[in-house]
Amino acid sequence: MKKLFIILSAFFCLFIFTSCDKAKNTVILTSFYPIHIATINILDGIRNIEIINISQEHKGCLHDFVLQNSTMKYAEEAEALVINGAGMENFIENIITKAPKLKIIDSSPGIDLIQNQEEHEEHEEHEEHEEHESQEESEEHEHNSEYNSHIWLSIFNHINQIENIASGLCEILPKYSEKIQENKENYIKKLKDLQQQGHFLLDNIENKYIITNNSSFSYLAKEYNLEIPLIITDEHDTELSAKDISNTIENIKKINAKYLIVESGYKSKTASIISKETGVAIKTLDAIISGELNKDAYITAMKNNFLTLTQILATNN
């Protein structure tokens, strides 16, 4: 009986220790995939921190993401939510309203944003027909639609994002600040090496023009001096009219492009029609909005993008 009592006591103590240890976990939320990968690199090796991607089941960009009740439960218990910013997370105001104590770490400050001219013009036209819309809602809608929010697809920008995220996490997790800074520096070194690989592959190619199905890769193009003379549509879920498709086909023939770049996993009737009518082959680049949950996922995806771009651009010369 004495031995049994000792064994049961040991199991009871282990259970209590495990439960208490779990209860001490600090919950950090991330808004979506590329921000999640960045955050797990910055918090790598730190115990008692649980990192949860609130949109993990959502495979596309966040423009049509809808908050679930389970998400709000996480938000009420978490210390912080790390976001991309630049208008990507349309749902952010709802979270702030329902979980006002939640710290928001925005990764976009200091980044030079690209304006989506077509979207901006469409917004102004829309506002003329929405006279009763409140000023606050108008400003939020304008912010969300006016700028291209795919900032992580520039490595230069992504390094800035890593700096912003690390700084925000150090503020709320001061006892881990030394480890966070160490992780940040190690990851930024990897990203700078990746950046140089891209320059090595792309800088010496003369005719660096590409055509794309939307504006997702504009930041990548800007960093590596790629020219995008034609973007078929600036909206992910919009198919062109027959007239617009006809005009696009004529423009592609003038450019004499060999490839049309679309996001991996993106299916478009417009792209298929254009490919059939012009003979351009469809090539995919990874917009890094979903994938495996490992620390090197962003680096692997960008390396593959560089190799694909090298093949595409080689046909221009």
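As a basis for the values below, the full set of heavy atoms in this structure was taken, side chains included, without hydrogen atoms, waters or symmetry mates. The model shown is predicted, which means the values in this text are computed figures rather than measured ones. Position 1 is the first residue of the sequence; numbering continues from there.
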Participant: Check whether any side-chain heavy atom of Phe65 lies under 4.5 Å from a side-chain heavy atom of Glu89, and answer yes or no.
Facilitator: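 A side-chain contact under 4.5 Å is absent here.
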
Participant: Examine the side chains of Asn41 and Thr39 and answer whether a donor and an acceptor come within less than 3.5 Å of each other.
Facilitator: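 The answer is no; no qualifying pair exists.
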
Participant: Using the side-chain hydrogen bond (donor to acceptor under 3.5 Å, both in side chains) rule, take Asn164 and Asn160 through it: C-alpha gap first, then chi angles, then the decisive distance, then the call.
Facilitator: CA-CA 6 Å; Asn164 288 332; Asn160 195 325; 3.2 Å; yes

Participant: Could you check whether atom CG of Asn204 has more than 12 heavy atoms from other residues, nucleotides or ligands sitting under 6.0 Å from it?
Facilitator: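 Check fails, neighbour count at 12 or below.
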
Participant: Tell me, with the steps shown, if Leu309 and Leu220 meet side-chain contact (heavy atoms from CB on, under 4.5 Å).
Facilitator: CA-CA 11 Å; Leu309 281 169; Leu220 173 61; 3.9 Å; yes

Participant: Apply side-chain contact (heavy atoms from CB on, under 4.5 Å) to residues Phe91 and Ile54 and explain how you reach the verdict.
Facilitator: CA-CA 11 Å; Phe91 56 82; Ile54 64 173; 3.8 Å; yes

Participant: Does a side-chain heavy-atom distance below 4.5 Å link Lys98 with Glu76?
Facilitator: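 No, side chains not in contact.
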
Participant: Between Tyr33 and Trp152, is a ring-ring contact (aromatic ring centres under 6.0 Å, His included) present by the stated rule, with each step listed?
Facilitator: CA-CA 11 Å; Tyr33 182 71; Trp152 67 92; 9.9 Å; no

Participant: Set out, in order, the CA-CA distance, both residues' side-chain angles and the distance that settles salt bridge (Lys or Arg N to Asp or Glu O under 4.0 Å) for Glu79 and Lys103, then state yes or no.
Facilitator: CA-CA 6 Å; Glu79 289 292 324; Lys103 171 72 174 178; over 6 Å; no

Participant: Are Tyr209 and Leu226 close enough that some pair of their side-chain heavy atoms sits under 4.5 Å apart?
Facilitator: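 SC-SC contact between Tyr209 and Leu226 ruled out.
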
Participant: Quick check: do Asn247 and Lys243 have side-chain heavy atoms less than 4.5 Å from each other?
Facilitator: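 Asn247 reaches Lys243 side chain to side chain.
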
Participant: What I'd like to find out is whether the side chain of Lys258 reaches to under 4.5 Å of the side chain of Val280, using heavy atoms alone.
Facilitator: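 When only atoms from C-beta onward are counted, Val280 and Lys258 do not touch, as no gap falls below 4.5 Å.
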
Participant: Is any NZ, NE, NH1 or NH2 atom of the basic residue among Asp112 and Lys222 found under 4.0 Å from an Asp or Glu carboxylate oxygen of the other?
Facilitator: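 Salt bridge between Asp112 and Lys222, a charged N being under 4.0 Å from a carboxylate O: yes.
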
Participant: Check the pair His158, Gln161 against side-chain hydrogen bond (donor to acceptor under 3.5 Å, both in side chains), reporting the backbone distance first and the verdict last.
Facilitator: CA-CA 5 Å; His158 199 51; Gln161 289 185 284; 2.9 Å; yes

Participant: Under 6.0 Å from the NZ atom of Lys303, do we count more than 12 heavy atoms belonging to anything else shown?
Facilitator: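 Counting other residues, nucleotides and ligands, NZ of Lys303 stays at 12 neighbours or fewer.
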
Participant: With a 4.5 Å cut-off on side-chain heavy atoms, are Tyr298 and Leu194 touching?
Facilitator: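 The answer is yes, as the side chains (C-beta and beyond) meet within the 4.5 Å cut-off.
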
Participant: For residues Asn84 and Ser31, report the shortest heavy-atom separation together with the two atoms involved.
Facilitator: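 Smallest interatomic distance, heavy atoms only, reads N-OG, 3.7 Å.
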
Participant: If you measure only the distance, is there a donor-acceptor pair under 3.5 Å linking the side chains of Gln195 and Lys192?
Facilitator: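 The answer is no; no qualifying pair exists.
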
Participant: If every non-hydrogen atom of Ala257 is compared with every non-hydrogen atom of Ile211, which pair is closest and at what distance?
Facilitator: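 Here Ala257 and Ile211 meet closest at CB-CD1, 3.9 Å.
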
Participant: Can you name the nearest heavy-atom pair linking Lys253 to Glu277, along with the distance?
Facilitator: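 Shortest heavy-atom contact: CE-O, 4.2 Å.
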
Participant: Measure across Ser107 and Ile35 and return the closest heavy-atom pair with its distance rounded to 0.1 Å.
Facilitator: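 So the minimum-distance heavy-atom pair works out to OG-CD1, 3.8 Å.
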
Participant: Is there side-chain contact between Ile28 and Leu169, with heavy atoms separated by less than 4.5 Å?
Facilitator: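 A side-chain contact exists here, since the closest heavy-atom pair is under 4.5 Å.
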
Participant: For the residue pair Leu153 and Ala287, what are the closest heavy atoms and their distance?
Facilitator: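 Scanning both residues completely, I find the closest heavy atoms to be CD2-O, 3.6 Å.
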
Participant: Measure across Tyr224 and Gly198 and return the closest heavy-atom pair with its distance rounded to 0.1 Å.
Facilitator: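 Minimum heavy-atom separation between Tyr224 and Gly198: CE2-C, 3.4 Å.
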
Participant: With heavy-atom distances below 4.5 Å as the criterion, would you say the side chains of Thr212 and Leu260 are in contact?
Facilitator: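 Of all side-chain heavy-atom pairs linking Leu260 with Thr212, none is under 4.5 Å.
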
Participant: Going only through I, L, V, M, F, W and Y residues with side-chain contacts under 4.5 Å, is there a path from Met88 to Phe156?
Facilitator: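 No, Met88 and Phe156 fall in different hydrophobic clusters.
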
